[in-house]
Amino acid sequence: MKTAAIAMAAAVALAAPAFAQSNGTLDTFVTRANRIPLNPLAALRPDARRLMNEANAAFTAVGAENRAARAAGRRPPACPPERMEVNPRQLLAFLNAIPQTRRTRMTPTDGIREWMANRYPCPAT
């Protein structure tokens with residue numbers, strides 16, 4: 001079960017350059033993620049691998065935005081710990097809770113940014 005969680009976390013949590021080229025929406029990402037079973041064999045599926053790449057790229061992009069904001073002296077959109085644990089079910093539930101009309105106008109990176117801001121808000125200064 002832990003392997004499935006790790007595989008889905010990677011699938012749902014971190015987006016790749018290939019996705020940026022496809023200009024997919026968060027709604028498309030969530031729809032595809034909902035079809036992937038949460039089991040250890042899911043990581044072997046090509047569609048799961050594509051989602052993992054998309055999720056990896058989204059987490060990487062949001063992390064870079066956070067670092068750039070700090071470097072520029074601005075408050076970042078989220079303040080996650082150095083190493084964060086991602087529960088794929090909780091992440092997917094959060095993304096599914098975003099109304100579909102909003103998801104169609106968002107990218108996976110937007111969804112990850114919103115999830116991180118919700119889960120790891122920055123302290124008031």
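We're numbering straight along the sequence, starting at 1.
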Under a 4.0 Å N-O cut-off, is there an ion pair linking Arg113 with Asp110? yes

Please give me the minimum heavy-atom distance between Met116 and Val62, naming the atom from each residue. SD-CG1, 3.4 Å

Could you walk me through whether Val30 and Arg103 pass the side-chain contact (heavy atoms from CB on, under 4.5 Å) test, one step at a time? CA-CA 9 Å; Val30 169; Arg103 287 195 318 247; 4.1 Å; yes

dist Arg70:CZ -> Arg67:CZ (nearest 0.5 Å) comes out at 9.0 Å

Could you walk me through whether Thr28 and Thr25 satisfy the side-chain hydrogen bond (donor to acceptor under 3.5 Å, both in side chains) test, starting with their C-alpha distance in whole Å, then the side-chain angles of each, then the deciding distance to 0.1 Å, before giving a yes or no? CA-CA 5 Å; Thr28 302; Thr25 66; 3.0 Å; yes

Please report the closest heavy-atom contact between Arg45 and Pro37, naming both atoms and the distance. NH1-CD, 3.1 Å

Return the minimal non-hydrogen interatomic distance between Pro80 and Asn66, and the atom names on each side. CD-ND2, 3.8 Å

What's the spacing between Arg32 CZ and Leu51 CG if we round to 0.5 Å? 5.0 Å

On a heavy-atom basis, which atom in Thr109 and which in Ala61 lie closest, and how many Å separate them? CG2-CB, 3.9 Å

How about Cys79 and Pro123: do any of their side-chain heavy atoms sit closer than 4.5 Å? yes

Are Leu92 and Trp115 packed together at the side-chain level, in the sense that at least one heavy-atom pair is separated by less than 4.5 angstrom? no

If two hydrophobic side chains count as joined below 4.5 Å and joins carry through other members, does Leu91 share a cluster with Met84? yes

Show your working on side-chain contact (heavy atoms from CB on, under 4.5 Å) between Ile98 and Met106 and close with a plain yes or no. CA-CA 10 Å; Ile98 297 171; Met106 297 171 72; 3.9 Å; yes

Find the distance between CD (Glu65) and OG1 (Thr60) and round it off to the nearest 0.5 Å. 11.0 Å

All heavy atoms of Leu26 vs all of Gly111, minimum pair found to be CD2-CA, 3.8 Å

Are Glu114 and Arg102 ion-paired here, with the side-chain N under 4.0 Å from a carboxylate O? yes

Could you walk me through whether Ile112 and Phe29 pass the side-chain contact (heavy atoms from CB on, under 4.5 Å) check? CA-CA 11 Å; Ile112 297 301; Phe29 179 86; 5.7 Å; no

Heavy-atom pair with the smallest gap, counting every atom of Gly24 and Pro108: O-CD, 3.7 Å

CG of Asp27 to OG1 of Thr107: how many Å apart, nearest 0.5 Å? 12.5 Å

